[in-house]
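Below is one structure, written out as structure tokens, with a few remarks after it.
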Amino acid sequence: MALGLEAGLGDSVLTTKLDAVVNWGRQYSLWPMVFGTACCAIEFMSAAASQHDISRFGAEVVRFSPRQADLMLVCGTISYKQAPILKRIYEQMPEPKWVVAMGACASSGGIYDNYCTVQGIDTVIPVDVYISGCPPRPEAVLDALIKIQDQIRTESVLVDRNKDFKGILD
Amino acid sequence: MGAKVRVVERKGRTFLEHLYLLEIFKGMWVTLGHLFRNLMDNSRLYVRHYPEVPPEIGPRWRGRHRLTRHEDGTVKCVACFMCQTNCPSNCIMIEAGERHDGKSEKMPVRFDIDLLECIYCGYCVEACPMDAIRMDTGIFSVVSDNRESMVIGLEELLAAPGAFDEDEYQKGAR
């Protein structure tokens, strides 16, 4: 049964909300970019390879240019020397963009509780999903991807994401 | 000059090779073979269908932690701080309190594990003299959208059941 505008336009026209249709497209075409500095990147390769096959979620187009990607996977230890590079690459990504902190090192520093390691990349860039593990299983990467897709579903297209984020480098 | 000159026959001049289409199919033959094989019989796919089909986790796999109990339901942990001392990433935070159930003198009133700091090395399990902390829940993927919820407390650690048979676990522990 058609309601509202659809009732007047007949069977050939469907109406939807802008958020619904754009978010549907964004959910199933995430282009990841791996900021791989340690062993978590190897585990991501396993998630992207044929056994776990990240393309089942529409995210198989792994880009190594930040300008073509919208999902950043930070896989590995980020030192304070690396942090400005991470921030710069994050800023080079076009909006909208999502960040996954994969593994103990990226999310909290892990065992590297010392003077040169960033204690969690959320002090530098906004993070959407954290994955626990050292390194996490490829299944956990897929879980994080599903969580990102769930987040996208609830977001509005018109709202700027993470506008008021202030990190240590801002 | 006495250098030996070897004339290599130039390939790719015939009409079929100029079409490129046949050559592309030749080059993609392995890929096409896999495609047709999977179209005919997709039961032999290499892909693991993860969210629907859970992976096989062995009893020796170090998953998320749990705290065990005695047979009468009391907490095995005696708050000796061995795991906290042995932890290389300082992810365990124990606060000891007085114990009144007659098992020992101390028990934890707070037992927090920061799963984002934890590197799942299993040293806490090896250090524990009471077999109170184990990593046999079979939980292999912990994902969250904020850091606060990744710090799990005493209730959560005690609530998770062991995923494996006791004999199987002991076989792996030995």
Side-chain angles (χ1 to χ4, degrees), chain A residues 38-40 43 46-57 60 77 98-114 117 119-123 126-152 154-155, chain B residues 30-31 33-35 37-38 42 44-58 61-65 84 86-93 112-124 135 137-152 156-157 160:
Chain A
C39 43
C40 285
E43 212 68 14
S46 175
S50 49
Q51 277 210 354
H52 294 96
D53 200 10
I54 209 166
S55 64
R56 290 181 292 142
F57 303 91
E60 79 271 35
T77 327
W98 293 269
V99 178
V100 174
M102 182 177 173
C105 294
S107 340
S108 71
I111 56 168
Y112 304 110
D113 190 4
N114 53 23
T117 308
Q119 298 299 303
I121 57 158
D122 53 354
T123 56
V127 177
D128 292 294
V129 169
Y130 300 87
I131 312 177
S132 161
C134 183
R137 280 179 77 101
E139 284 92 355
V141 183
L142 301 181
D143 273 346
L145 200 70
I146 293 166
K147 208 169 177 62
I148 287 272
Q149 288 179 341
D150 287 342
Q151 271 186 32
I152 295 172
T154 58
E155 278 164 5
Chain B
V30 175
T31 315
H34 279 282
L35 175 71
R37 200 193 65 197
N38 291 337
N42 62 9
R44 283 161 61 218
L45 279 180
Y46 294 126
V47 183
R48 303 179 189 180
H49 300 270
Y50 163 57
E52 292 84 25
V53 185
E56 279 180 36
I57 302 289
W61 165 259
R62 296 191 299 275
R64 214 203 71 190
H65 322 69
Q84 187 180 333
N86 216 21
C87 182
S89 56
N90 296 328
C91 68
I92 305 177
M93 178 69 210
D112 289 349
I113 296 184
D114 190 345
L115 290 178
L116 282 182
E117 292 268 8
C118 179
I119 58 163
Y120 296 84
C121 58
Y123 285 6
C124 48
M135 296 176 89
T137 50
I139 300 171
F140 53 87
S141 141
V142 189
V143 173
S144 169
D145 53 2
N146 58 333
R147 268 176 90 160
E148 290 76 37
S149 67
M150 293 296 250
V151 183
I152 54 170
E156 236 173 308
L157 286 165

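In what follows, every heavy atom counts, from backbone to side chain, and hydrogens, waters and symmetry copies are set aside. Residue numbering restarts at 1 for every chain, and letters A, B, ... go by the order of the sequence lines. Model, not experiment: these values are computed from the prediction.
For B:Ile57, the part lying under 4.5 angstrom from a heavy atom of chain A is the side chain only. Residue contact with chain B, scored on non-hydrogen atoms closer than 4.5 Å, involves the backbone of A:Asp128 exclusively. Neither the backbone nor the side chain of A:Ile148 comes within less than 4.5 Å of any heavy atom of chain B. Contacts of B:Asp114 with chain A are absent, with no heavy-atom separation under 4.5 Å from either backbone or side chain. The parts of A:Ile131 that come within reach of chain B are both its backbone and its side chain, each placing non-hydrogen atoms under 4.5 angstrom from that chain.
By number of non-hydrogen pairs under 4.5 angstrom with chain B, the leading residue of A:Ala106, A:Gly109, A:Ala101, A:Cys134 is A:Cys134. Note: B:Leu116 leads B:Val142, B:Asn146, B:Leu116 in heavy-atom pairs under 4.5 Å with chain A. Listed options B:Pro54, B:Ser89, B:Ser144 were ranked by heavy-atom pairs under 4.5 angstrom with chain A; first place goes to B:Ser144.
In this structure, A:Ser107 OG and B:Met150 CE are separated by 6.5 Å, a value rounded to the nearest 0.5 Å. From A:Ile111, atom CD1 reaches atom SG of B:Cys87 across 10.0 Å, with rounding to the nearest 0.5 Å.
The two residues A:Ser50 and B:Val47 come nearest to each other via the heavy atoms O-CG2, 3.4 Å. Taking all atoms of both residues into account, the shortest heavy-atom contact from A:Phe57 to B:Pro51 is CZ-CG, 3.8 Å. Contact detail for A:Ala104 and B:Cys118: the closest heavy-atom pair is CB-O, 3.8 Å. Nearest heavy atom pair, residue A:Arg56 against residue B:Arg48, reads NH2-O, 3.2 Å.
Remark: B:Glu156 pairs with no residue by the salt bridge (charged side-chain N to carboxylate O under 4.0 Å, His left out) rule, at least two apart or across chains. Judged as a salt bridge (charged side-chain N to carboxylate O under 4.0 Å, His left out), and not counting sequence neighbours, the contacts of A:Asp122 are B:Arg147.
Of the possible polar contacts, one joining the A:Ser132 side chain to the B:Leu115 backbone as a donor-acceptor pair under 3.5 Å is found.
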* After noting the C-alpha distance and the side-chain angles of A:Arg137 and B:Tyr50, does the key distance pass the side-chain contact (heavy atoms from CB on, under 4.5 Å) rule? -> CA-CA 11 Å; A:Arg137 280 179 77 101; B:Tyr50 163 57; over 6 Å; no
